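For ligands, and for the atoms within them, numbers begin at 1 and follow the listed sequence. Keep in mind the model is a prediction, meaning the values are calculated, not measured.
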Amino acid sequence: MITPAAVEEFTQNGYTVARGLFSADEVARYRDHYMALRAAGSYPGDSVGVDVTSNDPLKRYPRMIHMHRWDDLSLQWMIDPRINRWLTGLLGKEPYAVQTMLYFKPAGARGQALHQDQYYLRVQPGTCMAAWLALDDCDEENGCLQVVPGTHTIPLLCTVKADTTQSFTDVTVPLPEGMSPVPVIMAAGDVLFFNGQLIHGSFPNTSADRFRRSLIGHYIVGDAEKVAKFYHPALRMDGTPAELDVSPQGGPCGVWVTEEGQPVVEMQSGDPHKQTVLHE
Ligand SMILES: O=C(O)CCC(=O)C(=O)O
């Protein structure tokens, strides 16, 4: 149940955690499902392919993007009534659903440098929201999510170069004076809801052998009229498509680069022959 304290925390800090929103059985089913999909091959929206011989753990387990466009379990999760109740309770109006992502983040994997999701989604008017379901217990050792409380009230920041030995994306944002990231410690089944302006990211998985898998949904406020092209079609929370306009900027949620900062080709969902390009 969404509580007034959760709404207050979300309003003040830009995020809140719904503890135990998904059961241990559900989480185990998602883990098994995505591990089996990953082992079976490559899909529109993820990397050019799985390289099981690579030294980079993220090439052995690349993230998946927009699975809801071809996988019913992902679609049903994205519009699950529990997620909808929380998002609607936090936002005051039912949102649109625009993206799913699965991060495997095996032991040794780099994290994703601090960023604001709205930089990529370019929702107008308003902003985006994330629902981040922990599929494993997450802590600092295995690279839990890090958030900078209160930064949902600041505007979109200009990006600077990230340290690609620590991050698989190559841009980050300078932190406002006196602010620093805090780890969000979660148990498998917890869902972190956060505002799309909130600065967040994650550090490397420094554990010897633990995954830090997460199933992520991105949403946009119900008053939105436009979102970046990459996120079309937006869906209503009953799964039907909504007619929205295209925001001129934006792109996929972070562009994957090697440790040397070289771009890794990722394919645009729906058209495996086209590379995604971040327009700025
Ligand atoms: O899971 C992570 O490490 C980063 C995820 C993220 O930044 C996002 O969902 O926008």
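Set against the non-hydrogen atoms of Gln112, the atoms of ligand 1 under 4.0 Å away are 4 (C), 5 (C), 6 (C), 7 (O). Contact atoms of ligand 1 toward Asp117: 10 (O) (distance under 4.0 Å to a heavy atom of the residue). Residue Ser202 has at least one heavy-atom neighbour below 4.0 Å for each of these atoms of ligand 1: 2 (C), 3 (O). Near His200, meaning under 4.0 Å from any of its heavy atoms, are these atoms of ligand 1: 6 (C), 7 (O), 8 (C), 10 (O). Numbered from 1 in the order shown, with element, the atoms of ligand 1 that lie under 4.0 Å from a heavy atom of Leu145 read 1 (O), 2 (C), 3 (O), 4 (C), 5 (C).
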Practice task
For Tyr34 and Ser74, run side-chain hydrogen bond (donor to acceptor under 3.5 Å, both in side chains): C-alpha distance rounded to whole Å, both residues' side-chain angles, the deciding distance at 0.1 Å, then the answer.
Solution key: CA-CA 10 Å; Tyr34 291 112; Ser74 303; 2.6 Å; yes
Practice task
Kindly indicate, with the supporting measurements, whether the criterion salt bridge (Lys or Arg N to Asp or Glu O under 4.0 Å) is fulfilled by Arg236 and Asp238.
Solution key: CA-CA 5 Å; Arg236 296 190 191 85; Asp238 63 5; 5.3 Å; no
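A heavy-atom distance below 4.5 Å is found between the side chains of Gln146 and Cys144.
A search for ring-ring contact (aromatic ring centres under 6.0 Å, His included) contacts involving Trp132 returns nothing, not counting sequence neighbours.
Between His115 and ligand 1, at least one pair of N/O atoms sits closer than 3.5 Å.
The part of Arg212 lying near ligand 1 is the side chain, judged by heavy-atom distances below 4.0 Å.
Tyr61 does not carry Arg38 over the face of its six-membered ring by the limits of under 6.0 Å from the centre and within 45° of the normal.
Each of Leu114, Leu198, Asn195, Leu157 was evaluated against Thr151; a single residue qualifies, Leu198, per the side-chain contact (heavy atoms from CB on, under 4.5 Å) test.
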